[in-house]
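These notes concern the structure reproduced below.
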Protein chains: 2
Amino acid sequence: MKKITIKDVAKKANVSEATVSRVMSNSPLISDKTKRKVLKVIKELDYFPNSAAVSLTKSSSRILGIVIEDQNDNPLQNDFFTETLSYISAYALERGYYILYIHSKDNEELHENIERLIKTNRIDGLVFLNLVENDRNINYLKEIKFPYVVLGTPKELDKGLWVDNDNIKATREVTKRMIQKGYTNFTFLSGPTNLTVSNYRKEGYTIALKEAKIKSMYQISSDFDSYEAYHTTKELLMQNNQIEVIITTDDILAIGAIRAIEELGKKVEVTGFNNSKLRKYLKLNFTTVDIRYEELANKSVNILIDNIENVKREKNFVIVQADIIGGEKNGTKL
Amino acid sequence: MKKITIKDVAKKANVSEATVSRVMSNSPLISDKTKRKVLKVIKELDYFPNSAAVSLTKSSSRILGIVIEDQNDNPLQNDFFTETLSYISAYALERGYYILYIHSKDNEELHENIERLIKTNRIDGLVFLNLVENDRNINYLKEIKFPYVVLGTPKELDKGLWVDNDNIKATREVTKRMIQKGYTNFTFLSGPTNLTVSNYRKEGYTIALKEAKIKSMYQISSDFDSYEAYHTTKELLMQNNQIEVIITTDDILAIGAIRAIEELGKKVEVTGFNNSKLRKYLKLNFTTVDIRYEELANKSVNILIDNIENVKREKNFVIVQADIIGGEKNGTKL
DNA sequence: TTGTAGGCGTTATCAA
DNA sequence: TTGATAACGCCTACAA
């Protein structure tokens with residue numbers, strides 16, 4: 001199986017290599033006649049240009065790296081990753097880019113990988129699937145001005161490309177819904193407090209309560225761990241009989257909380273975040289927020305590629321709408 | 001940020017480009033002195049060879065494609081994919097290969113993708129994460145003799161590279177364990193019957209029963225869908241009071257079955273397969289099989305790369321040991 | 001042990 | 001509208 005090169009095509013079509021190249025890149029400086037002729041030969045020989053040669057001359061690989069930090073054994077994260085990954089890959093492909101998977105348990109190794117990938121010209125840009133505060137890699141990319149996009153809201157809103165939901169707004173809406181149901185005793189169950197997203201969601205919660213002039217509110221936090229959420233909730237509820245609603249920052253926390261509530265035979269409403277498959281899978285129907293994975297993926301890929309290809313944009317970020325769903329019957333298992 | 005090339009290094013080190021190249025590739029035909037000198041300059045200039053140029057001369061990209069077929073909304077699949085993906089990526093990296101993520105909802109598109117990736121020389125080999133019977137892509141690869149490995153047991157055992165557990169043996173062992181517990185009324189709850197793996201597991205089950213001269217056995221099947229498994233099991237149990245054990249081919253089926261059993265207040269033991277995170281997550285403790293993801297990943301990457309690099313091997317496959325775990329207390333939720 | 005030079009498969013510049 | 005030809009950055013005979 002000898003590889004067909006541009007030379008073979010040129011010879012068979014009786015034109016120069018340059019002409020074939022022009023046909024491939026859809027150049028306008030070509031007569032229709034020769035174009036057709038060359039295209040025919042390309043079809044016949046089933047010619048595909050060697051990507052290494054193209055990369056070499058264009059100094060662009062048309063590959064995006066996607067960085068996955070460790071998942072911490074959280075099954076919801078897995079949903080998030082596989083979903084986002086496949087959407088990102090699909091939208092990247094639409095613009096002619098492929099996805100290189102970058103993952104490492106070890107942070108130092110991850111950094112070296114990214115560095116090598118960039119320096120060897122293997123990738124044109126990077127997508128970060130989870131935003132860590134003051135991430136070393138992000139700082140590095142900023143420094144060397146390498147194109148990247150982050151799924152999440154960074155500290156400095158005007159720096160770097162990012163795509164995210166409006167977490168404040170979404171949590172505020174969720175909380176408002178609960179207020180409208182007539183509840184007045186709220187508790188906020190947060191995920192890891194070192195994640196920016198936790199703080200944004202807390203802010204939304206706080207605003208909604210303030211607007212409604214509701215005072216009573218407890219705040220507890222937990223890792224993204226349903227088991228811990230279960231224990232934390234249980235303790236809380238045993239100490240406090242008034243609580244009517246627990247607003248959480250993640251379905252996984254909500255699920256843990258619900259288990260505690262059921263066990264204590266209490267009537268407390270819970271809200272989640274992220275519209276996880278696990279929630280659907282367990283047939284739980286608490287209120288949650290659908291963050292529109294597909295749109296997040298779409299927007300991040302496109303803002304990144306625009307940046308790579310020097311397509312001008314007004315803003316360096318995109319806010320994706322989120323939808324509040326569920327909540328008709330709370331915690332009803334099938 | 002101008003890119004450093006081999007030329008820059010050569011100039012600064014006062015040697016030819018060839019010498020630098022030799023140092024990079026650790027060639028023996030080099031004096032220690034110049035080697036050290038060149039290495040020093042490489043460090044100083046922070047030189048990394050352009051991968052496109054290397055690919056072009058070596059006609060090898062050092063990239064492996066990993067093919068993910070559609071996940072069908074099964075949360076366990078997600079676990080499997082993210083786990084395997086990250087292990088595969090780690091082991092590939094150890095041998096200097098990167099992972100390109102290949103996924104498409106549309107089968108035709110997937111095929112075109114694979115074809116283009118190969119013809120443009122972007123990938124050196126392919127890993128298939130789920131084996132479909134008579135897969136079009138696999139047939140294509142066989143035809144053009146392109147290196148690939150499959151995680152699963154193919155129909156023709158002597159064709160192509162593959163890595164899998166011994167499913168027959170594992171299911172046979174699981175069934176034997178149940179027999180040793182004194183049960184005599186068995187049912188087999190299978191996943192999709194068009195998957196080879198379902199049939200292998202069924203065979204293991206059948207053998208174990210035959211060996212123990214146990215006759216009574218029912219067989220039902222279901223999609224990889226806990227909800228369907230739940231209904232199927234419920235129906236079965238309502239018609240039949242004797243059943244003591246249900247052997248399933250997947251944790252997700254086991255979980256569905258357990259829910260049905262609990263609902264009916266029956267005492268039926270269930271076994272699963274795959275040691276899913278969901279099982280741990282739900283704190284269920286039915287007997288299941290740990291298929292050793294990491295080893296599966298490791299072996300498949302290495303058998304594939306050996307093939308790519310013409311490293312001779314005795315066999316075209318690797319069987320990975322599986323471990324039976326759990327089962328002390330069945331279905332006990334926390 | 002080292003250097004020279006041709007080649008890998010394209011693209012892009014400059015002539016024609 | 002087309003064709004030569006010099007890059008792109010590296011590797012590898014072949015010579016020295």
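Source: prediction; values computed, not measured.
- Using a 4.5 Å heavy-atom cutoff, the side chains of A:V67 and A:V127 are not in contact.
- Separating the CD atom of B:E17 from the C1' atom of D:dA7 is a distance of 13 Å, rounded to the nearest angstrom.
- Comparing atom distances between the B:S21 side chain and each of D:dC10, D:dT2, D:dC11 picks out D:dC11 as nearest.
- Relative ring orientation between A:F317 and A:W162 is described as parallel, the plane-to-plane angle staying below 30° on a 0-90° scale split at 30° and 60°.
- When each of B:Y47 and A:R22 is assigned the nucleotide of DNA chain D with its nearest heavy atom, A:R22 is the one assigned upstream, toward the 5' end.
- Distance A:I6 CD1 to D:dC8 P: 19 Å, rounded to the nearest Å.
- Between B:K11 atom NZ and D:dC10 atom P there is a gap of 13 Å when expressed in whole angstrom units.
- Using a cut-off of 4.0 Å between Lys/Arg side-chain N and Asp/Glu carboxylate O, A:R136 and A:E108 are scored as salt-bridged.
- Protein atom CG of B:L56 is 11 Å distant from nucleotide atom P of D:dC11, rounded to whole Å.
- A nucleotide of DNA chain C counts as in contact with chain B when one of its atoms lies under 4.0 Å from a heavy atom; the first and last such, 5' to 3', are C:dT1 to C:dG9.
- To the nearest angstrom, P of D:dG9 lies 15 Å from CG of B:L45.
- Residue pairs meeting the salt bridge (charged side-chain N to carboxylate O under 4.0 Å, His left out) criterion with at least one member in residues 54-65 of chain A, sequence neighbours excluded: A:R62-A:E309.
- For B:K58, whose side chain is taken as the heavy atoms from C-beta onward, the closest listed nucleotide among D:dA4, D:dT12, D:dC10 is D:dT12.
- Residues B:L64 and B:L100 fail the side-chain proximity criterion, which asks for heavy atoms closer than 4.5 Å.
- Whole-Å rounding puts the A:K119 NZ to D:dC10 P distance at 14 Å.
- Here B:L29 lies in heavy-atom contact (under 4.0 Å) with a base.
- When heavy atoms are screened at a 4.0 angstrom cut-off, B:T34 is found touching the sugar-phosphate backbone but no base atom.
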B:D124/B:Y97 under side chain to side chain contact (heavy atoms under 4.5 Å, CB included): CA gap, chis, key distance, verdict: CA-CA 9 Å; B:D124 292 348; B:Y97 286 76; 3.8 Å; yes

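- Residue contacts for B:V20: at a heavy-atom cut-off of 4.0 Å it reaches no nucleic acid atom on any strand shown.
- Atom CG of A:N50 and atom P of D:dC10 are 16 Å apart (whole Å).
- Between B:S16 and A:I4, the residue anchored nearer the 5' end of DNA chain C, judged by the nucleotide with its closest heavy atom, is B:S16.
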Residues 4-11 of chain B side chain polar contacts: donor-acceptor under 3.5 Å, at least two apart:
{"residue": "B:T5", "atom": "OG1", "partner": "B:K7", "partner atom": "N", "Å": "3.1"}
{"residue": "B:D8", "atom": "OD2", "partner": "B:T5", "partner atom": "N", "Å": "2.8"}

